[in-house]
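Comments concern the structure below.
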2 protein chains.
Amino acid sequence: MPKSKRLLEMMMTVNRKRKFTVKELADEFGVSGRTILRDLQELSELGVPLYSEVGPHGGYHVLKERILPPIAFSEEEAVAIFFAIQALRHHSSLPFKTESSSALNKFYQFMPPDIRERIDQMKRRVDFVTPKRQASSPHLSILLDAAIHQKVLGITYESRGQQSKRDIQPIGIYTKNGLWYSPAYCYQYQDFRVFRCDRIHSAEQSAAKPLDLRDIHLENRQIKTGVDQDTVHLFAELTTEGVQACEAEHWLASMLHVRQDGSGWLEGNVARSDILYFVKFLIGLGKEVTVQHSPEILDGIKAYLAELISMYAGMRR
Amino acid sequence: MPKSKRLLEMMMTVNRKRKFTVKELADEFGVSGRTILRDLQELSELGVPLYSEVGPHGGYHVLKERILPPIAFSEEEAVAIFFAIQALRHHSSLPFKTESSSALNKFYQFMPPDIRERIDQMKRRVDFVTPKRQASSPHLSILLDAAIHQKVLGITYESRGQQSKRDIQPIGIYTKNGLWYSPAYCYQYQDFRVFRCDRIHSAEQSAAKPLDLRDIHLENRQIKTGVDQDTVHLFAELTTEGVQACEAEHWLASMLHVRQDGSGWLEGNVARSDILYFVKFLIGLGKEVTVQHSPEILDGIKAYLAELISMYAGMRR
DNA sequence: TTTGATTATGACAATTCCTGTCACTATTAT
DNA sequence: ATAATAGTGACAGGAATTGTCATAATCAAA
């Protein structure tokens, strides 16, 4: 293999295995150790952050910085990526430790000048606004880690002005409108709840034995939750605008069906305990939804509407 | 210069000048044209999308795909970038032509397997939700282009259900809560206005002479709009839960006031044209809100509730 | 039509550079 | 101590790279 190709491949190999010895590479590439040493020095000069230790169990490391091989991005893609990263900056809390600005700088640095110029022109003309909240969510990393590795957390949670202790097992986190939320199984309620992350005042790993929720994640959680519960069947017709409103609600994804023309319907099972929640939500959709089933839900809606009417009727204008 | 370094440098040179001839490069690198030809063929084999034309005015092109030189990103940075791009996908319209999913795929493709694995684990556990509210905004590119290059656009704009023709000179675009907006100078009003991009039904370059707004951009426009709009006063008492629900709606931030005990109230001016929107929203809050003012809003609520009631009453269970 | 600019390809000798080997040294875990 | 590891320098042989020349093909413009 010619050297130029070997170097490129070595770049990737070295990034795959982050720890390796000279001999390993020598065998893999079919060249002598001396050559590998020379190559590694060249990679080093090219900016690959290598670090070596002598002695048994020694060898080469790639420092935490990894080299991305040359990627072919179109101009449009590069610009899009730039603004994607820039949009991230607006979030006051993120589940990653990084300051995304460092990634942004590097990316910008490496752009060819003409793309840089294009970005400069656009920078002050395009923005992705995420409302800045005072509320920061310091426990995102822990929550995410618990969701990935199936751990139970003991948290102190503030709801309705009161602090309470809970044991929860998160299934993920998401941000919406500048706030972070974590759907999780709550051991106190013995059911799934959504927690607002800025209301979580402390979070620690708990010794409790976790459930197996590996198959439950953000996209399918609504399906799984109610399997063994007492449920009623929901069927509701949606106008185009109703569909759009529902699309913004993550937890409805599994119930939402969309037709070609933009309209659609909601169909699925609702836990009896959630009926009131659904009732309120469906009322919020106003005339964009026509609930056809089940009777329980319809009754709930009518009852709630009646209460509202009487509440507003009693009010002087 | 050894070949391996020359190739890497050539990769970048070739991306800088997107059009070049063999002789140019030969001079620049101090090697013969024959060598350059051989090198270019190698670059081609390495994936750089080169295209050549013979004859006078011929030469080499790089196709729109550009090669990004190897960049050193830390693991955290790489993960952050991945999710930044993924978050972009939620936007129904973007001012770039790209499908951001192609960028996402490439990026993912080139990640070392261990980072890929980490991303896989996180993919279904983290989400950046952008509400998909309304119809898409097809004219973003034109608006952005006009903002950058100081052009005047003739648009047809829908406001309060009526279409009107306007000449505007955009100073930028931004997205907030799933909708795109463009602050612009409106020649009809002779003042700055913010336009909702999905309400812009057509946009064409106009021959009108543009103003010099180069120094006005998203960050420094203080010149605000809407002070002179026709508004009504809203005052509504909120329960603790009502407060929490409102906190999730960032567009309410300026109206929302919270008491120590967690309850609060909404107070502020609402444009007449927005009353219906507020009515629907307030109904969605159910009993967590007590609207006390203004009469127009209360009437709106009662009317809408009455419609809902009759809609559901007409339904057989 | 001719001319000149351009890419494209092949052959070959000159030469550069790359590579392996060997002989060392230094460090460190066991 | 011993073995495993990195690191350096020198050198000869071999492999890859390079320049030159010859030759084609294409195309724009004079």
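Below, chain A is the first sequence line, B the second, and so on; all start at residue 1. Below, each value reflects all heavy atoms present in this structure, side chains not excepted, and no hydrogens, waters or symmetry copies.
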For residues 5-12 of chain B, which side-chain N or O atoms pair as donor and acceptor with protein atoms under 3.5 Å away, sequence neighbours left out?
unit_1: B:K5; atom_1: NZ; unit_2: A:E45; atom_2: OE1; d: 3.4
unit_1: B:R6; atom_1: NE; unit_2: B:D39; atom_2: OD2; d: 2.7
unit_1: B:R6; atom_1: NH2; unit_2: B:D39; atom_2: OD1; d: 3.2
unit_1: B:R6; atom_1: NH2; unit_2: B:D39; atom_2: OD2; d: 2.8

Residues 46-57 of chain A, side-chain donor-acceptor partners within the protein, below 3.5 Å, at least two apart:
none

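Between the two ends of the helix from C:dT1-D:dA30 to C:dT30-D:dA1, each summarised by a five-pair axis, the helix axis turns through 40° (rounded to 10 degrees).
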Under a 4.0 Å heavy-atom criterion, the protein footprint on nucleotides 6-17 of chain C, written with B, S and -, is BBSBB-------
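The CG-P distance, from A:D27 to D:dA4, rounds to 14 Å in whole Å. Atom P of nucleotide D:dT5 and atom CG of A:L50 are separated by 18 Å, given to the nearest angstrom. We find that CG of A:L25 is positioned 17 Å from C1' of C:dG20, with the value rounded to whole Å. Atoms CG (B:D39) and C1' (D:dT18) sit 10 Å apart, rounded to a whole Å. In this structure, NZ of A:K5 is placed 15 Å from C1' of D:dA15, rounded to the nearest angstrom.
Residues satisfying the side-chain hydrogen bond (donor to acceptor under 3.5 Å, both in side chains) test with B:T156, not counting sequence neighbours, are B:S202. B:F128 meets the ring-ring contact (aromatic ring centres under 6.0 Å, His included) test with A:H91, A:W180; sequence neighbours excluded. In terms of the side-chain hydrogen bond (donor to acceptor under 3.5 Å, both in side chains) criterion, residue partners of B:E42 (sequence neighbours excluded) are, by chain and number, B:K3. Every residue meeting the ring-ring contact (aromatic ring centres under 6.0 Å, His included) condition with A:Y185, not counting sequence neighbours, appears here in chain and number order: A:Y187, A:F192.
Contact check, A:R6 against C:dT19: a side-chain N or O comes under 4.0 Å of OP1 or OP2. Applying the 4.0 Å criterion to OP1 and OP2 of C:dT19, one finds that A:S32 has every side-chain N and O outside that range.
In this structure, B:Y157 has its ring center closer than 6.0 angstrom to the ring center of B:F195.
For residues 21-41 of chain A, there are no ring-ring contact (aromatic ring centres under 6.0 Å, His included) pairs, not counting sequence neighbours.
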